[in-house]
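Remarks on the structure that follows.
Predicted, not measured: the structure shown is a model, and the values here were computed from it. Each chain gets a letter, A, B and so on, in the order its sequence line appears, and its residues count up from 1.
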There are 2 protein chains.
Amino acid sequence: MKKTLPTIKEIAKQLNISISTVSRALHDHPSIGLRTKTRVQELAKQLQYEPNQTAIFFQQGKTFTIGVILPELSEAFFSSAISGIEDAAHKSGYTVLLGQSHDSVDKEKQLIETMKKHRVDGLLISISKNTNNYEHFEALQRYNIPIVFFDRIPKIPNIHYVACNMINGTVQAINFLLKKGHRIIGMINGPEKLPATKERLDGYIQAMIKSRLKYDAGLVLNSDLTKESVCAATEKLLTGKRKPTAIVTFNDYVAMDAVQQARKMKLKINKDICFVSYANLPISHYTAYPPMASVEQFPYQQGQKATETLIDLLQRKTNADNEAINTTYYKIILESQLVIHEGV
Amino acid sequence: MKKTLPTIKEIAKQLNISISTVSRALHDHPSIGLRTKTRVQELAKQLQYEPNQTAIFFQQGKTFTIGVILPELSEAFFSSAISGIEDAAHKSGYTVLLGQSHDSVDKEKQLIETMKKHRVDGLLISISKNTNNYEHFEALQRYNIPIVFFDRIPKIPNIHYVACNMINGTVQAINFLLKKGHRIIGMINGPEKLPATKERLDGYIQAMIKSRLKYDAGLVLNSDLTKESVCAATEKLLTGKRKPTAIVTFNDYVAMDAVQQARKMKLKINKDICFVSYANLPISHYTAYPPMASVEQFPYQQGQKATETLIDLLQRKTNADNEAINTTYYKIILESQLVIHEGV
DNA sequence: TAATTTTACGCAAACGCTTGACTTATTATT
DNA sequence: AATAATAAGTCAAGCGTTTGCGTAAAATTA
């Protein structure tokens, strides 16, 4: 068993040429003659030579690694996104250093430190639910490590991001319900401060107004996404003066809890009350009463697009080290889309 | 904006001392005087010095990175496992390079190449469904990159692995059903060649025999996990001469399909027919008819344990570079466990 | 006070590779 | 035939750290 791996030095010695010649030969440099070039390449193959990437990383000041920090891989949204990220990264020769924040700000900060230490070339981040201070991101500027945020993006100027616009999908969802004859449509939304919550509300209002229906604020309730608060909201909606015949829920988990509550109240799902949700569970159609339709937010594509954007940024950085790149920011918005489930 | 990050050379120059002194001072080396030590450390802090890890990686021939190759993060089992991996890795100062094979052998090989190029210190692998040639793993021996397999392990000798023994949990599952009064118990198992399938079968047989019930091979059917084959198996079981009153299914997906089929046949779930499954969906209790109980396989713990094992291997490697380490292999088996669901 | 130990630090090599600058043959140009 | 241009290499610096070894100066011992 060989103890030490072959290096270009080794090859150079065996062929009695200089290491720079070997290096250039392996890179097909024009100033090396065909003869020696093939000699080198053959010996390299024979010795199963492989360049020591750590040396190259070091020498080039690049690691061809991109760090990914996201809240929770067990959320289907993110496990889908990471596939998009991986695929796009590998396509350009990058690899993915992973870290989950589990929605903890401390963990997030810690991960950034680690990524910084490992000298990732760039960072892809979906921020934790509880992040409202952004210094730890800004600190990376100093290291010239670009960040592209995706899905959950901080509310600060001058950042690159990729996100999915929920307004459009929400409008489609409401229109779908209107077309089905529903006139009183409720919404169980998320935490008030979340941008995602606001977008859903905006879509709701927009759709109502365009259809010349008045917007009844009493029909839109916020929740903190816990089972209790969702059940409470559901109950409140279903016992109000204006009882909705359809409810749009913040996501599939909310939908499931709301369904449960409605059933507890002896309502027939899809008859007395219909649900439309935002897709995050691929198997939601296996659940007892799947939503009639869901708004799809294309996690795979978001991840992919974010990665492509980051890599683009990285290329530019190496090409032109000027300041101009710092002045323009990518803001990429994908459109969400309503998907109507089978048998509806 | 600083263009170049501070190095120890920089510090050395400013303090007019040698770089080796700086290096040692920062490492609290005993042969550096307290006076200079603090001077160095203070300047380092002031300049926000951070060691260039790529240089260190290179110099030490270690990257403090472990590669993880697994089939599919969108499977709850693996997204759980990766959390265990991450936590254990971070605890020891390692980071995680991620790659999904999506159950493709080619992708798996490719990932191994990438990981090798990136000079990961060690590898954690759960093999793809279709892998039946193991050369690409063996090739890593040459690079002295240890592998610990987890959950899905290749059938070759002389490997380290962590897996979960399903036999015990299966025995518990059967016993649970027996205690509930069931006497005819069916099983919808997985593909025949899978070790996971064999273990389930073994558990089934063991439990039956221990209870002095005869093992009826007609009650155990294999499936290839597709919806069609599961439905067919379910139908066959429920129309056979000996109709089971309970069925153990290979996993939660199988359970859902089987339930659907049973309902199609006008059977009342939990009355005419009961189901017990192997846990892989955290939200399975949200489904229409969740299984009465599931066999838990502790993905988080498996990931954690596998990582700890790998790191242990890595420590040994640096400590004693002898051959002895190559002669003993870790084979760690966790026990599965039956979890009885609420309201049963 | 001389000899010896200890303390505190500097020198320089090494890790493997890339690359700008320089050198020496060889071939082409006038 | 002298000069210029090209081809094919070589040299050596440099990337940032770590570390074995050497060595003054200071402290201890005899």
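Among the heavy atoms of the strands lying under 4.0 Å from B:I19 is at least one base atom, whether or not backbone atoms are also near. Residue A:I56 is classed as a sugar-phosphate contact, given heavy-atom separations below 4.0 Å to backbone atoms only. Looking at heavy-atom distances under 4.0 Å, A:T36 makes contact with sugar-phosphate atoms alone, never a base.
If you check distances only, the side chain of A:S20 does reach the base of D:dC11 with a donor-acceptor pair under 3.5 Å. Judged by atom type and distance alone, A:R35 does not reach the base of D:dG9 through any side-chain donor-acceptor pair under 3.5 Å. Counting distance only, with no hydrogens placed and no angle test, the side-chain atoms of B:R119 and the base atoms of C:dG16 include no donor-acceptor pair under 3.5 Å. Below the 3.5 angstrom threshold, one finds a donor paired with an acceptor across the side chain of A:R24 and the base of D:dT10.
A centroid separation of less than 6.0 Å is found between the aromatic rings of B:F137 and B:F149. Aromatic rings from B:F64 and A:H118 are positioned such that their centres are separated by 6.0 Å or more.
Between A:Y49 atom OH and C:dG16 atom P the separation is 10 Å, expressed in whole Å. Taking atom NZ of A:K62 as the reference point, atom C1' of C:dT19 lies 17 Å away to the nearest angstrom. Between A:E10 atom CD and C:dC15 atom P the separation is 12 Å, expressed in whole Å. If you measure from atom CG of B:L26 to atom P of D:dT19, you get 13 Å, rounded to the nearest angstrom. The CG atom of A:D28 sits 13 Å away from the P atom of D:dA8 (whole-angstrom rounding). The interatomic distance linking B:Q53 (CD) with D:dG16 (C1') rounds to 11 Å, in whole Å. Per the geometry, CG belonging to A:N52 stands 19 Å off P belonging to D:dC15, to the nearest Å. Rounded to a whole Å, the CZ atom of B:F57 is 15 Å from the P atom of D:dG16.
For B:Q59, counting side-chain heavy atoms from C-beta on, the closest listed nucleotide (C:dC15, C:dC17, D:dG9) is C:dC15. Among the nucleotides D:dT19, C:dC15, D:dT17, the one closest to the side chain of B:Q60 is D:dT19.
Between B:T21 and C:dC9, a side-chain N or O to OP1/OP2 separation shorter than 4.0 Å is absent. Checking the phosphate oxygens (OP1, OP2) of D:dT18, a side-chain nitrogen or oxygen of B:S23 falls inside 4.0 Å. Between B:K9 and D:dC15 there is a side-chain N or O to OP1 or OP2 distance below 4.0 Å. Under 4.0 angstrom from either OP1 or OP2 of C:dG16 there lies no side-chain N or O belonging to A:T7.
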(message) For a salt bridge (Lys or Arg N to Asp or Glu O under 4.0 Å) check, start with the C-alpha distance between B:E50 and A:K117, then their side-chain angles and the critical distance, and finish with the verdict.
(response) CA-CA 8 Å; B:E50 293 193 53; A:K117 267 178 64 174; over 6 Å; no
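Between B:R316 and B:D312 there is a salt bridge, since a side-chain N of the basic residue sits under 4.0 Å from a carboxylate O of the acidic one.
Just one of B:K109, B:E108, B:E72, B:K107 meets the side chain to side chain contact (heavy atoms under 4.5 Å, CB included) condition when paired with B:S128; it is B:E108.
Within a 6.0 Å sphere centred on NZ of A:K13, other residues, nucleotides and ligands contribute 12 heavy atoms or fewer.
Stacking of the aromatic ring of A:F58 onto the base of C:dC17 is not found under the criterion of centres within 5.5 Å and planes under 30°.
The residue among B:A55 and B:L34 whose nearest nucleotide of DNA chain C is located toward the 5' end is B:L34.
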